[in-house]
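Source: prediction; values computed, not measured.
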Amino acid sequence: MTMRFRIASIFIAAALVLSCGVLAAGHVSLYAQREAVTLEETTLLGDVSAVEGVQVEIHTQLINQLFWDTQYTAGTQPVIHTDYTHYWSEQPNYREWDRDVLRADFCGSMGVTSPEWEEVDQFGMQKPFNDVASRCPAGTENYTERVRLRDYYEYFPIYVSTVDILPDGGSYYLDGSESVEMMMQDFLRSVFRFPVPEDLWVEFTVGKDASGAVTMLGTGSVDDYNWESLGISTVRTEAGLFFTLSPDMRADGTTPDFSHCTVERGLYFLPITLTPYEGEDFSDTENLLTVSLDTEHFRTVCPIDADADRVSLYQSNDGNWLYLLSQQRGEATLTVLSADTGEITSQVTLFTLEDRETQALSRTYLQEGYLIATRSDGAFALVTVDGAGQAEISLAGDFSPAQALECYMDTPVFDYDGERLAFADLAQQFNGCSFFLGVVSAQGMEYLGKYYHNQDATSIDYQSCSPVEQDPLSVQLPDAA
């Protein structure tokens, strides 16, 4: 069933005038057609009356100069309103991605050591490359050897490439090393020692030009090892860094060996101290702070099951709570902890996992006052967390009917009123303006519709309209309006 709601005529002819350089005339024409946005609803599942009064906002742009903010009220008699803005110069249009707080792995910047500016293995795994390169003849494009990694390392070396633990806009003196990354790398290596398996073989490839200078490097695992990943998940607070480590060595799910580490497997907290600089070398720098890793008070906040995998750590939108998710022994769990003290406030079982291949813990969506954990087969659990950190599954459902209709929940937005969960998601994640709208309750998926945006049918000199990068879509149930 398809319902068409034409609110205004298509805008593209006026935009074409602008693109051809007739700016003054183009501006007048564009202004006359500024509300020219239409949405065509196609019901894919259920009945459109289930979304009566649900509001969706979609923000689109063309060449970062023409912007449309459209509010659509869904239902049997939909209402649409668009505000159009035209700028004479290009406007900022980018997405603010979450920054990696701590990025580390077992390989780093692998390659051949450059002794004039680095020590061996300082920034990446180099001993095997140095060895293989020493036997590579000059003028050889692809020289490959299969080596046993245990011949070079008893424990995997840890390499830290990113540490984002310092407040923006300050001046800092690093206590103990040339960089925060080296400080963190030295600390992690002193605590976490993961043995290199005896049977781990790796292929290292080197290429050299006629003069013998190295021109190409490559590596590849042998058999079923995925040895490079350290599986880090982090949350930064004002007091320090919460993090977990979950090296995933084998494709068969073999769990990491923590028996050689100085701590058991768990959620950890490393205090980060910032104190006024008391030295004399930088007396001309105002408000200089000394940064220290308080390794003396490093601690395990709570243990994590030795068999756990897919471990992930999040912070609630209000910053009060930590959410630790993991799967182990046939179930997926959520542990809620205080972000101030690390104290466990509640724990809840999200799903049973009867089939490891099809029922694995998947994406987690953080919302204000609740989170939505999903399973790889489409099942979801909506968990509300109250002011005391008590978690409760308030709605359990299934997104698989939507996924079967090509609504893949890549970057969805949600609204929950205590009974129903509304969701919207862009139909094409990178350039399309059309979107899906759905609603789920305890009775199942009540409705799913696709809304075709008329701007998807137009372009100017191969320039197509697209959603804005930051927060292009929002949804609101009528009771919350």
Side-chain angles (χ1 to χ4, degrees), residues 100 102-163 176-232 245-262 265 309:
D100 288 321
L102 174 61
R103 182 183 298 174
D105 55 35
F106 290 137
C107 56
S109 299
M110 293 194 298
V112 176
T113 304
S114 299
E116 63 274 10
W117 63 274
E118 64 176 339
E119 299 178 3
V120 176
D121 280 356
Q122 183 177 2
F123 301 109
M125 184 176 287
Q126 297 177 336
K127 289 179 181 177
F129 269 117
N130 291 341
D131 191 26
V132 173
S134 69
R135 293 185 289 274
C136 175
T140 304
E141 292 185 0
N142 291 285
Y143 178 82
T144 300
E145 287 188 13
R146 177 179 294 189
V147 304
R148 194 174 74 110
L149 204 60
R150 185 61 178 258
D151 292 338
Y152 301 91
Y153 305 100
E154 182 179 3
Y155 301 103
F156 282 104
I158 295 176
Y159 301 99
V160 175
S161 58
T162 299
V163 180
S177 188
E178 63 188 58
S179 69
V180 182
E181 286 75 19
M182 287 296 104
M183 292 167 63
M184 184 65 71
Q185 181 168 295
D186 291 343
F187 164 69
L188 293 178
R189 288 185 178 185
S190 70
V191 175
F192 298 99
R193 299 186 180 96
F194 299 104
V196 176
E198 294 280 357
D199 61 343
L200 173 53
W201 292 79
V202 181
E203 289 185 347
F204 289 90
T205 301
V206 177
K208 291 183 178 180
D209 61 19
S211 68
V214 174
T215 58
M216 192 277 290
L217 299 165
T219 183
S221 296
V222 180
D223 301 324
D224 61 354
Y225 279 102
N226 178 30
W227 57 272
E228 299 98 335
S229 174
L230 192 52
I232 273 187
L245 299 181
S246 300
D248 186 11
M249 299 296 181
R250 285 185 180 270
D252 64 5
T254 302
T255 54
D257 179 7
F258 278 78
S259 64
H260 297 257
C261 301
T262 62
R265 188 181 186 190
D309 63 350

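Between Met110 atom CE and Met125 atom CE the span is 7.0 Å, to the nearest 0.5 Å. Interatomic distance, CG of Asp151 versus CD of Glu198, reported as 8.5 Å (0.5 Å rounding). Atom-to-atom distance recorded for Leu245:CG and Leu102:CG is 8.0 Å, nearest 0.5 angstrom. Note that the OG1 atom of Thr162 and the CE atom of Met184 stand 11.5 Å from one another [nearest 0.5 Å]. Of the inter-residue distances, the one linking Ser161 atom OG with Asp105 atom CG reads 6.0 Å to the nearest 0.5 angstrom. Taking CD1 from Ile232 and CD1 from Ile158, the interatomic distance works out to 7.5 Å, rounded to the nearest 0.5 Å.
Using a 4.5 Å heavy-atom cutoff, the side chains of Thr205 and Met216 are in contact. Two residues are said to be in side-chain contact when any heavy atoms from C-beta on lie closer than 4.5 Å; Asp121 and Lys127 meet this criterion. Counting only heavy atoms from C-beta outward, the side chains of Pro128 and Tyr153 approach each other to under 4.5 Å. With contacts defined as side-chain heavy-atom distances shorter than 4.5 Å, the pair Val163/Met183 does not qualify. Counting only heavy atoms from C-beta outward, the side chains of Phe123 and Ser114 never approach each other to under 4.5 Å. You'll find the side chain of Phe156 reaches within 4.5 Å of the side chain of Leu149, heavy atoms only.
Ser109 meets the side-chain hydrogen bond (donor to acceptor under 3.5 Å, both in side chains) test with no other residue; sequence neighbours excluded. Residues passing the ring-ring contact (aromatic ring centres under 6.0 Å, His included) test with Tyr159, sequence neighbours excluded: none. Partners of Thr113 according to the side-chain hydrogen bond (donor to acceptor under 3.5 Å, both in side chains) rule, which considers only residues two or more places apart in sequence or in another chain, are Gln126, Asn130.
Here the closest heavy-atom approach between residue Ala138 and residue Ala210 is recorded as CB-O, 3.7 Å. Contact between Gly111 and Leu217 at its shortest, heavy atoms only, is CA-CD1, 3.5 Å.
The residues Glu141 and Lys208 are annotated as not salt-bridged, no charged nitrogen and carboxylate oxygen being separated by less than 4.0 angstrom. A salt bridge links Asp131 with Arg135; the closest basic N to acidic carboxylate O contact falls under 4.0 Å.
In this structure, the side chain of Arg150 engages the main chain of Val196 through a donor-acceptor pair within 3.5 Å. A donor-acceptor contact shorter than 3.5 Å is absent between the side chain of Thr140 and the backbone of Tyr143. A donor-acceptor pair is defined here as one N or O able to donate and one able to accept, closer than 3.5 Å; such a pair exists between the side chain of Gln122 and the backbone of Glu119.
A donor and an acceptor atom, one from each side chain of Ser246 and Arg265, are located under 3.5 Å apart.
Put simply, the residue from Pro247, Pro157, Ser229 that forms a side-chain contact (heavy atoms from CB on, under 4.5 Å) with Phe106 is Pro247.
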Practice item. Go through the steps for Arg193 and Thr262 under the test side chain to side chain contact (heavy atoms under 4.5 Å, CB included), then give the verdict. Key: CA-CA 8 Å; Arg193 299 186 180 96; Thr262 62; 3.8 Å; yes
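Surrounding CZ of Arg103 are at most 12 heavy atoms belonging to other residues, nucleotides or ligands under 6.0 Å away.
In summary, the aromatic rings of Phe129 and Phe204 are positioned with their centroids under 6.0 Å apart. Within the 6.0 Å centre-distance limit, the rings of Phe258 and Phe194 are counted as a close aromatic pair.
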